[in-house]
Amino acid sequence: MNNTYELLTKEMGISPKIVDLVMEAEGELQEVFRVQDDLAAYNQYKVLSVFQKNRVDASDFNWTTGYGYDDKGRDTLEKVYRDLFHTEAALVRPIIVNGTHALTLTLTGILRPGDEMIYCTGGPYDTLEEVIGLRGSGKGSLKEFGVTYKQVELTPEGDIDLAALGKAITDKTRMVCCQRATGYAWRKAITVEQIEKMTAFVKEINPSIICMADNCYGEFLDRREPTQAGIDVLAGSLIKNPGGGLALSGGYIAGRQDLIEKIAYRMTSPGIGGECGLMFGQSRAMLQGLFVAPKVVCGAVKGAALCARVFEKLGYEVCPGSSEARSDIIEAVKLGSPEAMVAFCEGIQAAAPVDSYVAPVPWDMPGYDDPVVMAAGAFVQGSSIELSADGPLREPYIVYYQGGLTYEHAKFGVIKALARLQEKGLLQQR
């Protein structure tokens, strides 16, 4: 500990007061960390078991070319995801460019003109607004294809409002969707237990309604995944939790066989579906990333708890609190000004192993309604399982901190964010 302290303070120039604050907060979180370590061990063995069940071997790492017919590595990878999520089928592909794309394929693959979809966790993530048709026009949104949309807000306590959901469901309702992660909202993530109550409620009203979950940022935060709690189909990104920082790109969709078949036809074309699709040699990285993901996610969750505790001690509002149960890897900190948001992100960028020398600048990112500041000095561009922070520049100026391939790096991100806020005279003191 003394050697680490001296490295941080003497060689890396961090204020001893900041290091002391972070280490004090770390000491107060030992029980939280113990619980996370136990969860990581459980999920690590769970992943190992599905690798062994599906007889993953070295030939699964081989390249194929052309159409990708009979790609053994791809087929094995999708069987692993299928069994991991306790579903009938899965699609795991590098051609799925991000989480929004995976969700778009899911929605457009299943929904048909005249269908109604309901989001029961309030507004969807910003990038889905144009997909649904809440913003923009002439871009092939669900609205343009005759799919109607309803939105049910969460209760003031952050629960899914089942009474309001029941009133919203009609004979046209084809799908009820939930978003597990907070997105750019000030709320706690939706838990698997909350999802289970929602799916049971919906199926009691009409068993044919499809329950869908946006699982981005939520994998390995529980002993169960949403598909073990009644969800029919879910989707996520491989450059978030399940990629373990090793997947170079891609997304996954897992669920019922009939639904995955429809989605596969949307991904490629009717009649071809999932039979084609080159993996570009990424099977090994995707499998290895999944294997280490439980441990990587554990470090990220510890880092989020540390971030919460440090800023709590300084008098900031945070969500969730440092000792509260978590269902995604995101920690929201209410900083109160655009200058503080930018400074926080500058600190995270300065803590990065890649592009640490550059300064994040707010810009108008595609799919967002406000300028977004984003710090992400990552080995994989946009990989939010790696240490990152971002947020739209709008009141009340909340920054969203997440990731870290190791806990130590997540911790250093907190240290550098504090240092940059202090340097600019923007660090609040209780």
Side-chain angles (χ1 to χ4, degrees), residues 29 32 36 39 98-100 103 121-128 154 158 178-192 194-195 213-222 225-226 235-245 293 296-312 316-335 341 344-345 347-348 351 360 365 368 372-376 378 382-392 394 396-405 407 409-411 413-414 417:
L29 291 170
V32 172
Q36 289 304 318
L39 179 61
N98 54 25
T100 298
L103 291 161
T121 48
Y125 189 69
D126 294 42
T127 56
L128 281 174
L154 296 171
C178 66
Q179 178 179 297
R180 189 170 175 185
T182 61
Y184 288 148
W186 184 259
R187 67 165 175 85
K188 289 185 283 187
I190 301 300
T191 66
V192 174
Q194 288 172 306
I195 291 171
D214 174 351
N215 207 35
C216 289
Y217 300 101
E219 300 88 354
F220 304 122
L221 269 289
D222 199 297
E225 296 294 336
S237 167
L238 297 191
I239 60 171
K240 297 181 175 66
N241 300 18
V296 174
V297 170
C298 177
V301 173
K302 287 182 178 179
L306 180 67
C307 180
R309 186 63 192 137
V310 166
F311 280 87
E312 282 174 345
Y316 289 86
E317 290 185 70
V318 301
C319 185
S322 59
S323 61
E324 292 183 286
R326 294 173 181 271
S327 197
D328 69 9
I329 64 170
I330 301 167
E331 184 59 42
V333 182
K334 195 175 290 186
L335 293 173
M341 280 186 68
F344 186 104
C345 289
I348 296 298
M365 291 180 65
Y368 295 88
V372 175
V373 61
M374 180 174 291
S383 173
S384 43
I385 190 58
E386 299 187 56
L387 179 65
S388 56
D390 53 272
R394 60 186 179 220
Y397 301 107
I398 300 167
V399 73
Y400 298 86
Y401 162 98
Q402 64 267 320
L405 295 180
Y407 165 68
H409 190 218
K411 174 181 173 180
V414 175

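Below, each value reflects all heavy atoms present in this structure, side chains not excepted, and no hydrogens, waters or symmetry copies. Residues take their numbers from the sequence shown, with the count starting at 1.
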Closer than 3.5 angstrom, by distance alone: can the side chain of [X] be matched with the main-chain N or O of [Y] as a donor-acceptor pair?
X: Ser388; Y: Glu386; result: yes
X: Asn241; Y: Val297; result: no
X: Ser327; Y: Ile190; result: yes

Between [X] and [Y], which heavy-atom pair has the shortest distance, and what is it?
X: Gln179; Y: Arg187; value: O-NH2, 3.1 Å
X: Gly244; Y: Leu405; value: O-CD2, 4.1 Å
X: Pro320; Y: Ala308; value: O-CB, 3.8 Å
X: Ala213; Y: Pro226; value: CB-CB, 4.2 Å
X: Ala389; Y: Cys345; value: O-SG, 3.8 Å
X: Ala189; Y: Ala181; value: CB-CA, 4.3 Å

The residue among Asp328, Thr121, Asn215, Asp222 that forms side chain to side chain donor-acceptor pair (under 3.5 Å) with Arg180 is Asn215

Does a side-chain heavy-atom distance below 4.5 Å link [X] with [Y]?
X: Val318; Y: Ser322; answer: no
X: Val333; Y: Cys307; answer: yes
X: Tyr401; Y: Leu387; answer: yes
X: Leu103; Y: Leu128; answer: yes
X: Tyr316; Y: Lys334; answer: no

Problem - Test item: side-chain donor near acceptor, Gln402 and Ser384, under 3.5 Å - result: no

Measure the spacing between [atom1] of [X] and [atom2] of [Y] and express it to the nearest 0.5 Å.
X: Leu29; Y: Ser323; atom1: CG; atom2: OG; result: 8.5 Å
X: Cys216; Y: Ile239; atom1: SG; atom2: CD1; result: 9.5 Å
X: Leu154; Y: Gln194; atom1: CG; atom2: CD; result: 8.0 Å
X: Ile398; Y: Glu331; atom1: CD1; atom2: CD; result: 11.0 Å
X: Thr191; Y: Leu221; atom1: OG1; atom2: CG; result: 11.0 Å
X: Tyr397; Y: Leu335; atom1: OH; atom2: CG; result: 12.0 Å

* Asked: Asp390 and Val399: side chain to side chain contact (heavy atoms under 4.5 Å, CB included), yes or no, with the steps?
  -> CA-CA 6 Å; Asp390 53 272; Val399 73; over 6 Å; no

Item to check | Steps toward ring pair (Phe, Tyr, Trp, His ring centres under 6.0 Å) verdict (Phe344, Phe311) | outcome: CA-CA 12 Å; Phe344 186 104; Phe311 280 87; 5.7 Å; yes

- Parallel, tilted or perpendicular: ring planes of Tyr125 versus Tyr184, cut at 30 and 60 degrees: tilted

